[in-house]
Amino acid sequence: MTIWKTNPDLASLSALQIGTMAGHLGIEITGVTHDSLTARMPVDHRTLQPHGRLHGGASVALAETVGSIAANMVLDSKEHIGVGLEINANHVRPVKEGFVFATAIPEALNRTTQIWSIRIVDDAERLVCISRFTVAIIPTTRA
């Protein structure tokens, strides 16, 4: 049984990122299961820090992007939207090239908040960053 209330069409979800920070960073939605969403981001001139390693802020942007998309996909968009409330991240391993992949899975899907865990791995599936993302659920009338 799926948790999604929105059709998880990967191409449409990626197209929604055009013109946003996620689009600028090259983030694309690449996978969906019944309870997880995965996106990838290139490790390139847009996402590196001056020492040639993946910028921690880029990892957090990737985590919040995939978590936000997932959070809103479990909501009825006519009634509620999910907005970021808090995010934290532990950076575990440097990455200098290739892609990183973030997978969001729900820890708690409540009436007024959601909590998502996001694991970011490199091309070799080694842990790069782990993040916890808390989402506030608000009525669309307040959005």
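Being a predicted model, the structure only gives us computed values, none of them experimental. Only heavy atoms go into these numbers, but all of them, side chains included; no hydrogens, no water, no symmetry mates.
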Interatomic spacing from [atom1] in [X] to [atom2] in [Y] - rounded to 0.5 Å:
X    : Y    : atom1 : atom2 : result
E79  : I137 : CD    : CD1   : 13.0 Å
L85  : T113 : CG    : OG1   : 8.0 Å
I27  : Q17  : CD1   : CD    : 7.5 Å
C129 : D122 : SG    : CG    : 12.0 Å
L75  : I81  : CG    : CD1   : 9.0 Å
K5   : N72  : NZ    : CG    : 12.0 Å

Less than 4.5 Å apart, side chain to side chain, heavy atoms only: is that true for [X] and [Y]?
X    : Y    : value
I120 : S131 : no
M41  : L54  : yes
T103 : V66  : no
N90  : R132 : no
D123 : F101 : yes
S59  : V100 : no
I3   : P106 : yes

For [X] and [Y], which heavy atoms make the closest approach, and how far apart are they?
X   : Y    : result
P42 : G26  : CD-O, 3.3 Å
G84 : E64  : CA-OE2, 4.1 Å
W4  : H34  : NE1-O, 3.7 Å
S14 : I29  : OG-N, 2.8 Å
S77 : T140 : O-CG2, 3.3 Å
G52 : K96  : O-CG, 3.5 Å

Same apolar cluster (I L V M F W Y, side chains within < 4.5 Å links), [X]/[Y]:
X    : Y   : result
F133 : V92 : no
V121 : F99 : yes
I87  : M73 : yes
V83  : V74 : no

Check for a donor-acceptor pair, side chain of [X] on one end and backbone N or O of [Y] on the other, with a separation under 3.5 Å.
X    : Y    : result
S36  : I105 : no
H51  : R53  : no
T134 : I115 : no

* Asked: Does the side chain to side chain contact (heavy atoms under 4.5 Å, CB included) test come out yes or no for T30 and L10, once each step is laid out?
  -> CA-CA 6 Å; T30 59; L10 302 183; 5.7 Å; no
* Taking everything shown except E97 itself, do over 12 heavy atoms lie less than 6.0 Å from its CD? -> no
* Take atom CZ in R93; do more than 12 heavy atoms of anything else shown fall under 6.0 Å from it? -> yes
* Take V43 and L48 through the side chain to side chain contact (heavy atoms under 4.5 Å, CB included) test and state the conclusion after the steps. => CA-CA 7 Å; V43 179; L48 292 174; 3.5 Å; yes
* Under the side chain to side chain contact (heavy atoms under 4.5 Å, CB included) criterion, do L62 and L25 qualify, and how do the steps go? -> CA-CA 9 Å; L62 174 59; L25 295 176; over 6 Å; no
* Looking at residues at least two apart in the chain, or sitting in another chain, which of them share a side chain to side chain donor-acceptor pair (under 3.5 Å) with R46? ->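 Expected list: D44.
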* Asked: What pairs with Q114 under side chain to side chain donor-acceptor pair (under 3.5 Å), at least two apart in sequence or on another chain?
  ->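 Checked Q114 against side chain to side chain donor-acceptor pair (under 3.5 Å); matches are W116.
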